[in-house]
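To keep things clear, I will list the structure first and then write my remarks on it.
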2 protein chains.
Amino acid sequence: MHTVKEAAQITGLTEHAIRFYTDKGLVPTVQRSEHNVRLFDEQSINWLFGVRCLKQSGMPIEAIKTYVDLCLQGDSTVPERSAMMKKHGEEARLQLEEAKRHVAHLEEKMLLYEEILAGKTPDTTNPATWERMRYMHGDVFYASTVLQEK
Amino acid sequence: MHTVKEAAQITGLTEHAIRFYTDKGLVPTVQRSEHNVRLFDEQSINWLFGVRCLKQSGMPIEAIKTYVDLCLQGDSTVPERSAMMKKHGEEARLQLEEAKRHVAHLEEKMLLYEEILAGKTPDTTNPATWERMRYMHGDVFYASTVLQEK
DNA sequence: GCTTGCCTTCGTGTAACACGAAGGATTTAA
DNA sequence: TTAAATCCTTCGTGTTACACGAAGGCAAGC
């Protein structure tokens, strides 16, 4: 049995957030001690991880609440729950793709900065470089050429 | 030259957000027409993409503002900008890893739901299944066994 | 008996917009 | 020529998911 503080350490959530979640009913398995202290068993910790996963992948609290309530209604709601996860999983996958693109962009940007720092000023007469900078959103281009031209 | 509406269509941002960004000075290349209409050339569009990338990968607006201001100060700030991108890129990569895990979790969950829907009730006497359900945060476990045991 | 740790409620603050309304200017189409 | 569409501005409120602090109280350990 874990206290809020321990649960926070285990899940990486803050104590504030955990109290918030339990108060909203997102962790139905959580118990209270005789002195009203929240007690998390392994299953409650798992629920916390589940809530964390759903939330961090972009599901609003209200939707998570809906999902949890469906869980509590038993197996009859399995089709509905299945549909929810299918839909949300799709969304999460799209976000993942975007995140990959963002990381790629940031890495390109870093690379170019490294080149500049190494003294290799990018060849702005080369259309390929221009394209690359366009891909990089223009700021390096802007700072290292446009301003200098003025 | 694009108007706010067009820029919104191109970048996938809302007009509200674009006005918000330009007002905050995150798109230094944006111009105004003689009648005060925001005009976005290709470079401004690129900046919008850049801001979108940074924001969506978790950088707060204020930090983006700082970065943009550094860009405007010219090549002398390249080391600092490079460091910022390095640091933020690292963070974005961590988030990407988390996102992957979340998608994996959701896919596992979906798979189990599919199995249940197909009539294959998970074997709860098998420790491996138990482990798998733990990985899935317990809600299927909870709904399909614990409640029934009562 | 004092510190520590948990609880509660209350209240305010934050980010990054979303949304609508009012009021004004301009461009375009019928 | 007039009506509709599109742009602008400022103002103000609402939203989400907490963060943070304070006050006040109970309970356990040293």
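Hydrogens, waters and symmetry mates play no part in the numbers below; they use all other heavy atoms, side chains included. The chains referred to below are lettered A, B, ... by the order of the sequence lines, with proteins before strands, and numbering in each begins at 1. Keep in mind that what you see is a predicted model, and the values were worked out from it rather than measured.
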Return the value, rounded to whole Å, for the distance between atom [atom1] of [X] and atom [atom2] of [N].
X	N	atom1	atom2	answer
B:F20	C:dC19	CZ	C1'	15 Å
A:E15	C:dC6	CD	P	6 Å
A:K24	D:dA17	NZ	C1'	9 Å
B:Q56	C:dA16	CD	P	13 Å
B:H2	D:dT6	NE2	P	18 Å
A:K65	D:dT16	NZ	P	16 Å
B:Q31	D:dC8	CD	C1'	17 Å
B:L26	C:dA16	CG	C1'	12 Å

Closest-nucleotide 5' rank along DNA chain C - winner of B:E34 and B:I61: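 On the 5' side of the pair lies B:I61.
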Residue closer to the 5' end of DNA chain C, B:M59 versus B:H16 (nearest nucleotide):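 Result of the comparison: B:M59.
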Phosphate OP1/OP2 of [N] contacted by [X] side-chain N/O (<4.0 Å):
X	N	answer
B:R19	C:dA18	no
A:T14	D:dA19	yes
B:Y21	C:dC17	yes
B:R38	D:dC7	no

Salt bridge (Lys or Arg N to Asp or Glu O under 4.0 Å) between A:R52 and B:E98, worked out: CA-CA 11 Å; A:R52 182 172 174 269; B:E98 274 263 271; 3.3 Å; yes
Pairwise side-chain contact, B:R19 with B:R38, heavy-atom cut-off 4.5 Å (strictly under): yes
Touch class at under 4.0 angstrom, heavy-atom based, for A:T3 against every strand present: sugar-phosphate
Sugar-phosphate only, base, or nothing, as touched by B:H35 at under 4.0 Å among non-hydrogen atoms: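 Sugar-phosphate, backbone atoms only, no base.
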Pair A:D69-A:T66, side-chain donor/acceptor within less than 3.5 Å: no
Side-chain donor-acceptor contact under 3.5 Å, B:R81 with A:Y113: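 Distance-only check passes for B:R81 and A:Y113.
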Checking contacts here: which listed nucleotide ([options]) is nearest the side-chain heavy atoms of [X]?
X	options	result
B:V37	D:dC7, D:dC18, C:dA16	D:dC7
B:V4	C:dC7, C:dA15, D:dC8	D:dC8
B:A17	D:dT6, C:dG5, C:dA18	C:dA18
B:P60	D:dC18, C:dA18, C:dA16	C:dA16

Positive for side chain to side chain contact (heavy atoms under 4.5 Å, CB included) with B:L106, one of A:E90, A:K86, A:E91, A:M85: A:M85
